[in-house]
Amino acid sequence: MGRLRIKLASSMPAVKKLRAKNGPTYKVNTSVKAKPDSGEKQRGNRDIDFLMPPRGMHDVLPADAPVRDKVVEASRRMAEFYDFAEINTPVLEKVELFKRGVGEKTDIVGKEMYTLRTKGGDKLALRPEGTAPVVRAYLQHGMHKLPQPQRFYYFGPFFRHERPQAGRYRQLWQIGLEIVGGESDPVYDAQIIVMFYRILEELKTGPLSVNMNSIGCRVCRPGYRTKLVAYYKGKDVCKDCKDRLKDNPMRLLDCKKESCQPFKADAPSILDSLCSSCRSHLKQVLEYLEELGLPYFMNPTLVRGLDYYNRTVFEIFPDGEDLALVAGGRYDYLAEMLGGRPTPAAGAAMGVDRIVDLMKGENPKLLQLRIKKKVFLVHIGDLAKKKSLPLMEEFRKASIPIRTSFGKDSLSTQLEAANKNRSDMALILGQKEVYEETIIIRNMETGVQETVPFSKVVDEVKKRWRS
Ligand code: HAM
């Protein structure tokens, strides 16, 4: 495989955790203690514990909205450009879907899933990931009858009962791209990778590192698994790895424990065991990436923690960090695992919380971004107040955001509110203006005021924004 640029994980830069300071900031009343999970030791003032969100979950406050909007809008633009259609699946799904699709022995399903039993007796799970639900929807709605492949994108919350730490939340938000149906064509794998890479570039999250691997197929993976088990047999691995050796030997390569690293480093490489069609598939994916000028590392220990993958797996990290921003790969067998016909597919998901944390750390000024210009309506007297609602409707029809504070009456308090709201312009409507059918436009930065006809105010505001 002449063109592969091989760089092993062990030679990658030392990896650190995302800085905790980039995590969400909680304004906590110091008399309120964080509420431990049920089942964990109860401490603190129980009377007011309910004022804290559940452990590992956090509020998305309005101050974060501009950054999150940027992430979502950049992704949506990219998805729509490449003809991906939005799909929204329920937050709750049957537990069985994830057991079959993601794998009962995976950490995500076996250890981290939030499950509940409904009054009717159904066993449901808060979805820990989005790929199995998308494929379920594809099968349920007979989407194989539509032109193939079908392309989907989604944005929503997912739930994993992980140990909370910087960049690891129990309610996490993902943006996902999935290409389902058609051929097992390497061009789709490359397309998903480049789309996320370019989204991250646009968001200026800093230098990126794309880790690539192939985990083979039904033909070549069993042989590799046997070699791996033979290699690990008798080695003094950690307790988790002892379980992996029995349940899911490929995950031995995913162990992060220091004591297991030397075993990992000398383990046989899957790249030497790929069958000819998996080798050719990988080679083509990498050639597409090279054609796109997209740098990557080969990481033969990258196996991913979900059972549905075959062939391509990849993760995109901020350079030198160990929490992936995007992860995914090919999953040609998932539809069959769920009882459908063979349906090649590829996709990935991006962790929105991690990206927002990173962007806040890299460029805290983003938080003060005013994405939209704002107009504030100041009304003085009852007559002006009456005119306010119809006037706001005119602005709504013109899609211009306008704020007001109906509860405040004096000019100065309303102008103060306009200032606090960081409005660009205030529209001042007093008794005199109502009689003269005019309105004052005040530039909040310069303080310059102009009187314009009331009936033309929307156009006058637009004119000033354009200039
Ligand atoms: P995943 O690797 O489990 O893959 O998650 C994808 C991304 O979600 C991660 O790279 C990370 O950015 C973010 N993420 C995961 N767990 C957390 C967490 N606890 N806190 C914050 N962010 C997190 C999947 O979920 C697959 N469904 C991806 C996929 C789509 N594969 C094919 N299509």
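Both ligands and their constituent atoms are indexed starting at 1 by order of listing.
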At less than 4.0 angstrom from any non-hydrogen atom of Glu129, what atoms of ligand 1 do you find? 25 (O), 26 (C), 27 (N)
To which protein heavy atom is atom 22 (N) of ligand 1 closest, and what is the distance rounded to 0.1 Å? Arg354 NE, 3.4 Å
Could Lys233 and Tyr231 be counted as a cation-pi pair, given that NZ or CZ must be under 6.0 Å from the ring centre and within 45° of the axis? no
Specify the protein heavy atom at minimum distance from atom 10 (O) of ligand 1: its residue, its atom name, and the distance to 0.1 Å. Ala324 O, 3.4 Å
Run Asp332 and Ser184 through side chain to side chain donor-acceptor pair (under 3.5 Å) and show every step you take. CA-CA 7 Å; Asp332 293 339; Ser184 185; 2.8 Å; yes
Presence of salt bridge, Asp189 and Arg330, under 4.0 angstrom: yes
Quick check on Lys235: does its NZ atom have over 12 non-hydrogen neighbours (other residues, nucleotides or ligands) under 6.0 Å away? yes
What atoms of ligand 1 come closer than 4.0 angstrom to any heavy atom of Ala327? 2 (O), 10 (O), 28 (C), 29 (C)
Looking at ligand 1, does any of its N/O atoms fall within less than 3.5 Å of an N/O of Ile108? no
Counting heavy atoms only, which of Gly167, Pro133, Ala132 is nearest atom 21 (C) of ligand 1? Gly167
Can you sort out which atoms of ligand 1 are near Gly328, meaning under 4.0 Å from one of its heavy atoms? 31 (N)
Any N or O of Tyr308 that comes nearer than 3.5 Å to an N or O of ligand 1? yes
Is there a heavy atom in Gly176 that sits closer than 4.0 Å to ligand 1? no
contact_flag Tyr309 ligand 1 heavy-atom lt 4.0 Å: yes
Aromatic contact, Tyr153 with Phe84 (centres under 6.0 Å): no
How close do Ile270 and Ser214 get, counting heavy atoms only, and between which atoms? CG2-O, 3.4 Å
Ionic contact status for Asp64 with Arg68, cut-off 4.0 Å: no
Do Phe158 and Trp173 have ring centroids that are under 6.0 Å from one another? no
Gly347 heavy atoms, cut-off 4.0 Å: which ligand 1 atoms fall inside? 30 (C), 31 (N), 32 (C), 33 (N)
Answer yes or no: does an N/O atom from Tyr331 fall short of 3.5 Å to an N/O atom of ligand 1? no
Leu325 and ligand 1 - part of the residue with a heavy-atom distance under 4.0 Å: backbone
Polar atom proximity, Ala349 to ligand 1 (N or O, under 3.5 Å): no
Measure from NZ or CZ of Arg127 to the centre of the six-membered ring of Phe98 and say whether it is under 6.0 Å with the direction within 45° of the ring axis. no
Closest protein heavy atom (residue, atom, distance) for atom 6 (C) of ligand 1: Gln174 NE2, 3.3 Å
Using distance alone, decide if ligand 1 has a nitrogen or oxygen within less than 3.5 Å of any nitrogen or oxygen in Leu306. no
Polar proximity ligand 1 side, Tyr154 side, N/O cut 3.5 Å exclusive: no
Using the ring of each side chain (for Trp, its six-membered ring), is His58 parallel, tilted or perpendicular to Tyr169, with breaks at 30° and 60°? tilted
Which atoms of ligand 1 are found less than 4.0 Å from any heavy atom of Glu178? 30 (C), 32 (C), 33 (N)
At under 4.0 Å between heavy atoms, which part of Arg170 makes contact with ligand 1: side chain, backbone, both or neither? neither
Using a cut-off of 6.0 Å, state whether more than 12 heavy atoms not belonging to Lys94 lie near its atom NZ. no
Out of Arg304, Met350, Arg160, Glu162, indicate the one that has the non-hydrogen atom closest to atom 3 (O) of ligand 1. Arg160
Taking atom CD of Glu183 as the centre, report whether more than 12 heavy atoms of other residues, nucleotides or ligands fall under 6.0 Å from it. no
